[in-house]
> 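First, the structure itself, so that you have it in front of you.
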Amino acid sequence: FSSQSTSQSDHCSQDCFNSRSLALQAQKKILSKMATMAVANLLTDDVSSEILDELYKASREFTKSKKEAHKIVKDVIKIALKIGILYRNHQFSPDELDTVERFKKKMNQAAMTAVSFYEVDYTFDHHILSELLLECRDLLHALVEQHLTLRSHTRIDHVFNHFAHGEFLAELYGDGEEYRLYLRKICNGINKLLDEGTL
């Protein structure tokens, strides 16, 4: 965690103790450890939990690896937790808050597009959805540039590159019965979040 504070007073020496920064570091460390627990225990609302459960199942089916699917979902949780902490503790600059809003709008657009492709036959185009998700990825990179470590940037790439992968999206929106079931539950959840104004 490398929040770069430039507001320290002139008389503050290099030994200057920043308890707020330390507390944030501790909080993030604890939450990182929590993120290794079962997904169901981590998320505060049932809808988000169900969406992640179905994304896990679809990822497991696609990668043929429980370990990889678990890591993808765990990375989603870690990223969300860390950004949530930064946001709640007012760590973002005005420019970064603009990036937050741009990210929210882009995620909303991606979510509505994902649902539309599911609900309207023959409209699916993995290029469009992939591009939206990669734009979300790039906005997140810009947002956390001054705050999180290289490991967090790697997690962001891991998550978005997987979900934006053309072959994964083609399978998810394909004719396979299992994938159709996952997609239906994912889109039902997204619709609920859209209705609530969460997305």
> Please name the pair of heavy atoms, one in A114 and one in C187, separated by the smallest distance, quoted to 0.1 Å.
O-SG, 4.0 Å

> Quick one: are F160 and H141 in side-chain contact, heavy atoms under 4.5 Å?
no

> I need the minimum non-hydrogen distance between A58 and L172, along with the two atoms involved.
CB-CD1, 3.9 Å

> Supply the atom-to-atom distance D138 CG to D157 CG, rounded to the nearest 0.5 angstrom.
8.5 Å

> Would a distance-only check, ignoring hydrogens and angles, find a side-chain to backbone donor-acceptor pair under 3.5 Å from N89 to Q91?
no

> Taking all non-hydrogen atoms of both residues, which atom of V159 and which atom of I72 are closest, and how far apart?
CG2-O, 3.6 Å

> What's the spacing between K105 NZ and C136 SG if we round to 0.5 Å?
13.5 Å

> Between the side chain of T113 and the main-chain N/O of Q109, is any donor-acceptor distance below 3.5 Å?
yes

> Could you go through the salt bridge (charged side-chain N to carboxylate O under 4.0 Å, His left out) check for K71 and D75 one step at a time?
CA-CA 6 Å; K71 189 174 188 304; D75 282 350; 3.5 Å; yes

> Just so I know, are the side chains of R137 and L140 near enough to count as touching, which here means a heavy-atom distance under 4.5 Å?
no

> For D175, is the CG atom crowded, meaning more than 12 foreign heavy atoms sit under 6.0 Å from it?
no

> Are any of the side-chain heavy atoms of S130 and L134 separated by less than 4.5 Å?
yes

> Output yes when a side-chain donor or acceptor of T63 lies under 3.5 Å from a complementary backbone atom of S59, and no otherwise.
yes

> Quick check on the 6.0 Å ring-centre criterion: do F168 and H162 meet it?
yes

> So how far is it from F117 CZ to Y122 OH, rounded to the nearest 0.5 Å?
15.5 Å

> Go through the steps for I77 and L52 under the test side chain to side chain contact (heavy atoms under 4.5 Å, CB included), then give the verdict.
CA-CA 9 Å; I77 294 165; L52 274 184; 4.0 Å; yes

> Does the side chain to side chain contact (heavy atoms under 4.5 Å, CB included) test come out yes or no for E101 and K104, once each step is laid out?
CA-CA 5 Å; E101 291 309 310; K104 285 180 180 177; 3.7 Å; yes

> Measuring only between side-chain heavy atoms, which start at C-beta, is R155 closer than 4.5 Å to R151?
yes

> Is there a path of hydrophobic side-chain contacts, each under 4.5 Å between heavy atoms of I, L, V, M, F, W or Y residues, that connects L194 with M107?
yes

> I would like to know whether E196 and L193 meet side chain to side chain contact (heavy atoms under 4.5 Å, CB included); could you show each step before the answer?
CA-CA 5 Å; E196 294 167 3; L193 295 182; 3.8 Å; yes

> For the pair Y173 and Y179, evaluate side chain to side chain contact (heavy atoms under 4.5 Å, CB included) and give the outcome as yes or no after the intermediate values.
CA-CA 7 Å; Y173 282 86; Y179 282 111; over 6 Å; no

> Does S93 offer a backbone N or O that forms a donor-acceptor pair with the side chain of E96 under 3.5 Å?
yes

> Is V47 close to E50 at the side-chain level, that is, under 4.5 Å between some pair of heavy atoms?
no

> If hydrophobic clusters are built from ILVMFWY residues whose side chains come within less than 4.5 Å, do I156 and Y87 share one?
yes

> If you round to the nearest 0.5 Å, how far is CG of L169 from CD1 of I128?
11.5 Å

> Can you measure from OH (Y182) to CD (E54) and round to the nearest 0.5 angstrom?
7.5 Å

> E119 and N191: which non-hydrogen atoms are nearest, and at how many Å?
OE2-ND2, 3.1 Å

> Report yes if the side chains of V144 and K82 come closer than 4.5 Å at any heavy-atom pair, otherwise no.
no

> Would you say E171 and H165 are linked by a side-chain donor-acceptor pair, where the criterion is simply a distance under 3.5 Å?
no

> Do you know which two heavy atoms are closest between I51 and G189, and how far apart they sit?
CD1-C, 3.5 Å

> In terms of ring plane angle, is the pair H126 and F124 parallel, tilted or perpendicular, where the classes change at 30° and 60°?
tilted

> Using 0.5 Å steps for rounding, measure from the NZ atom of K78 to the OG atom of S152.
9.0 Å

> Which heavy atom of I83 sits nearest a heavy atom of F92, and at what distance?
O-CE1, 4.1 Å

